[in-house]
Asker: 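My questions all concern the structure below.
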Amino acid sequence: MGTQHFDFIVLGGGSAGYAAARTARSRGKTAAIVDGAEELGGLCILRGCMPSKALLHSAEVLHLAKHPEIFGVKTDNARPDWPALKARKEFLINDFAGFRQQQLASERFTLFRSQAKFTGSKQLELADGTRLTADSIMIATGSRISWPEVPGLRECGALTSDDILRAEPVPASMIVLGGGIVACELGQYLQRMGCQVTLIQRSGHLLKGMSPEAGTMVAEAFAAEGMEVHTGTELVAVERTSAGVTVRFRKNGVERESVAAALLNALGREPNTAGLDLSAAGVEMRRNGQIVTDEFQRTTAPGVYAGGDCSGPVEIVHVAIQQGEIAARHACGETPETLRLDWLTRVVFTDPGVADCGLSEEAAKARGLEVLAASYPFNDHGKSLILNATRGHVKVVAEKGSGRIVGAECVGPQAGELIHCIAVALPLCATVKDLLKAHWYHPTLAEIWTYPLEEIADAL
């Protein structure tokens with residue numbers, strides 16, 4: 001069997017891989033995509049962003065229908081329609097996945113539905129024995145669910161996010177291990193769908209990596225909806241019993257026990273690089289398993305790039321797309337603008353939502369910046385009072401003297417939408433006074449930003 005050569009080969013057809021292949025092809029390069037997953041489309045479409053947000057929105061509608069009195073509305077017996085819920089989710093997934101699959105299988109690319117491993121520098125061997133070489137190779141194999149070494153975790157029949165997103169009737173009770181984005185989003189979804197949820201987080205607050213204030217606000221909202229939340233814990237062991245699943249953990253030096261019908265492992269994800277034999281290509285990895293890359297997504301092996309979840313440093317779709325485009329453009333001989341993580345936007349789709357962009361006040365000060373910060377609560381804002389969504393705040397961080405905006409945080413209703421009011425200011429180097437020139441319509445949620453903006457402007 002001969003060896004096939006391409007200008008550019010991508011391992012993985014998800015967000016980073018497809019963006020890289022598309023970019024290389026648009027510059028006249030021959031491009032091949034190698035993807036041996038059962039389904040084409042990538043994590044975001046198949047088992048991530050699209051199905052989870054579809055289910056979260058359904059849960060929000062149900063939550064409002066169960067608590068309509070504040071709006072002067074009466075409803076009776078609001079409940080999930082599981083077949084309809086599943087059908088809607090699958091329609092949305094199939095719509096997006098179908099388009100991605102059509103693009104991957106189009107004549108623009110050569111698609112290999114197989115697993116691959118490196119046999120040398122820029123040399124690949126597929127599971128069926130096919131050999132490939134390329135001028136450049138992009139590793140974009142994504143991530144997989146992590147199973148930390150907690151005694152009994154693997155053996156207890158724990159569910160994963162993949163299981164929850166199948167949209168089946170929820171169990172009577174569930175212990176959720178983890179306090180990150182997946183744990184918080186799916187934990188609240190389960191609670192609103194009729195499952196009694198206990199969330200056990202190892203870190204001191206929910207949503208580690210976001211601000212402690214945001215994590216505390218979300219925990220308070222969860223408790224108000226009936227969830228039991230434990231933070232600052234140490235997992236001891238998990239055991240399957242006749243009563244369901246028992247989790248033993250330490251909190252404040254005291255060992256405790258929680259029992260539920262089922263358990264969700266939401267303790268994170270890890271790079272999906274097993275079987276690639278990266279050492280054969282000279283590709284180095286960090287201690288956490290992520291592939292080492294530079295500002296152009298180059299690995300330590302000449303001509304080999306990596307992007308998306310397998311390289312990090314953040315596992316976010318729009319970042320993966322930019323990384324894929326940067327890698328392909330560099331492989332094509334260009335010098336692309338590099339990824340600016342100090343403009344990063346992050347969103348958590350809980351209720352209240354959490355979102356931030358740019359630098360926090362603490363991160364800005366750590367860089368030696370003199371900054372001014374101001375915040376304003378949703379419980380004193382007209383539109384949020386109308387919506388009965390008063391938990392949370394907005395916060396703006398700006399450079400002292402110039403007023404240039406360097407970051408912002410939003411904890412509250414529609415946080416993922418509202419944060420973009422400030423996110424666009426970062427690459428534009430806009431100041432608080434620049435944004436105050438805009439017409440902020442009343443009554444809207446967005447106009448809440450004017451209060452911290454005005455406070456900082458007055459202090460300049």
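Below, all heavy atoms of this structure are taken into account, side chains as well, without hydrogens, waters or symmetry copies.
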Asker: Got Asp309 and Asn272 here, is their nearest side-chain heavy-atom distance under 4.5 Å?
Answerer: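 With C-beta onward as the side chain, the pair stays apart.
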Asker: Starting from the C-alpha separation in whole Å, work towards a yes-or-no answer on side chain to side chain contact (heavy atoms under 4.5 Å, CB included) for Ile291 and Met285.
Answerer: CA-CA 4 Å; Ile291 297 171; Met285 293 181 288; 4.3 Å; yes
Asker: If you count every heavy atom of other residues, nucleotides or ligands that lies below 6.0 Å from Glu255 atom CD, does the total exceed 12?
Answerer: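 For Glu255, atom CD is crowded (more than 12 foreign heavy atoms under 6.0 Å).
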Asker: Do you know which of Gln191, Arg192, His67 makes side-chain hydrogen bond (donor to acceptor under 3.5 Å, both in side chains) with Glu225?
Answerer: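 Single side-chain hydrogen bond (donor to acceptor under 3.5 Å, both in side chains) partner of Glu225 among Gln191, Arg192, His67: Arg192.
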Asker: With no hydrogens and no angle check, is any side-chain donor or acceptor of Lys383 less than 3.5 Å from a backbone partner on Ile448?
Answerer: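 Side chain of Lys383 to backbone of Ile448, a donor-acceptor pair under 3.5 Å: no, none is there.
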Asker: Check whether Asn265 reaches the backbone of Ala158 with its side chain - one donor and one acceptor, N or O, closer than 3.5 Å.
Answerer: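 Checking the backbone N and O of Ala158 against the side chain of Asn265, no donor-acceptor pair under 3.5 Å is found.
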Asker: Do the side chains of Val406 and Asp342 get nearer than 4.5 Å, heavy atoms only?
Answerer: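 No, too far: nothing below the 4.5 Å cut-off.
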Asker: Would one find more than 12 heavy atoms of other residues, nucleotides or ligands at under 6.0 Å from atom NZ of Lys53?
Answerer: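 Atom NZ in Lys53 is packed in, count exceeds 12.
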Asker: If only atom types and distance count, is the side chain of Ser26 paired as donor or acceptor with the main-chain N or O of Thr23 below 3.5 Å?
Answerer: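 Checking the backbone N and O of Thr23 against the side chain of Ser26, a donor-acceptor pair under 3.5 Å is found.
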Asker: Is there a side-chain contact between Lys433 and Leu460 (heavy atoms, below 4.5 Å)?
Answerer: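 The answer is yes; the side chains approach within 4.5 Å.
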Asker: Evaluate the ring planes of His381 and Phe378, with Trp represented by its six-membered ring, and classify them as parallel (under 30°), tilted (30 to 60°) or perpendicular (over 60°).
Answerer: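 Geometry flag for Phe378 against His381: perpendicular rings.
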Asker: Answer yes or no: is there a donor N or O on one side and an acceptor on the other, between the side chain of Gln297 and the main chain of Ala306, under 3.5 Å?
Answerer: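 Here the side-chain-to-backbone pair exists.
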Asker: Just wondering, do Leu153 and Leu263 contact through their side chains at under 4.5 Å, heavy atoms?
Answerer: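 Counting from C-beta outward, Leu263 and Leu153 do come under 4.5 Å.
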Asker: Any carboxylate oxygen within less than 4.0 angstrom of a Lys/Arg side-chain nitrogen, looking at Lys395 and Glu361?
Answerer: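 Salt bridge flag = yes for Glu361 with Lys395.
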Asker: Within the distance-only criterion (no hydrogens, no angle test), does the side chain of Asp163 pair as donor or acceptor with the backbone N or O of Thr160 below 3.5 angstrom?
Answerer: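 Yes: the side chain of Asp163 pairs with the backbone of Thr160.
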Asker: Look at the side chain of Asp434 and the backbone N and O of Thr431, then say whether any donor-acceptor pair between them is shorter than 3.5 Å.
Answerer: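 Side chain of Asp434 to backbone of Thr431: a pair is present.
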Asker: With a 4.5 Å heavy-atom cut-off, do Tyr189 and Ser52 have their side chains touching?
Answerer: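 The answer is no, as the side chains (C-beta and beyond) never meet within the 4.5 Å cut-off.
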Asker: Is it the case that the side chain of Arg144 and the backbone of Arg269 share a donor-acceptor pair, with hydrogens and angles ignored and the cut-off at 3.5 Å?
Answerer: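 Not at all, since once roles are kept as given, no pair shorter than 3.5 Å links the two residues.
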Asker: Passes side chain to side chain contact (heavy atoms under 4.5 Å, CB included), Leu190 versus Ile164? Steps please.
Answerer: CA-CA 9 Å; Leu190 290 164; Ile164 303 302; 4.2 Å; yes
Asker: If you count heavy atoms of other groups shown closer than 6.0 angstrom to CD of Glu370, is the number above 12?
Answerer: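 Open: at most 12 neighbouring heavy atoms sit under 6.0 Å from CD of Glu370.
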Asker: Between the side chains of His393 and Glu409, is a donor N or O closer than 3.5 angstrom to an acceptor N or O?
Answerer: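 Their side chains do contain a donor-acceptor pair, which is all the 3.5 Å distance test asks for.
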Asker: Under 6.0 Å from the CD atom of Glu284, do we count more than 12 heavy atoms belonging to anything else shown?
Answerer: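 Result for CD/Glu284: open.
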Asker: Please check if the number of heavy atoms outside Phe71 that lie under 6.0 Å from its CZ is greater than 12.
Answerer: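 Enclosed.
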Asker: For His318, does the NE2 atom have more than 12 heavy-atom neighbours from other residues, nucleotides or ligands under 6.0 Å away?
Answerer: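 Yes, enclosed.
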Asker: Hey, are the side chains of Ile181 and Arg346 touching, using non-hydrogen atoms and a 4.5 Å cut-off?
Answerer: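 No, too far: nothing below the 4.5 Å cut-off.
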Asker: Hey, are the side chains of Val229 and Gln201 touching, using non-hydrogen atoms and a 4.5 Å cut-off?
Answerer: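 Not touching, per the 4.5 Å side-chain cut-off.
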Asker: Side chains of Ile422 and Trp449: closer than 4.5 Å at any heavy-atom pair?
Answerer: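 Yes - at least one pair of side-chain heavy atoms lies under 4.5 Å apart.
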Asker: Are there over 12 heavy-atom neighbours, none belonging to Lys66, within less than 6.0 Å of that residue's NZ?
Answerer: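 Yes, NZ of Lys66 has more than 12 neighbouring heavy atoms, counting only those of other groups under 6.0 Å.
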Asker: For Glu337, does the CD atom sit with more than 12 other heavy atoms under 6.0 Å from it, leaving out its own atoms?
Answerer: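 Atom CD in Glu337 is not packed in, count stays at 12 or less.
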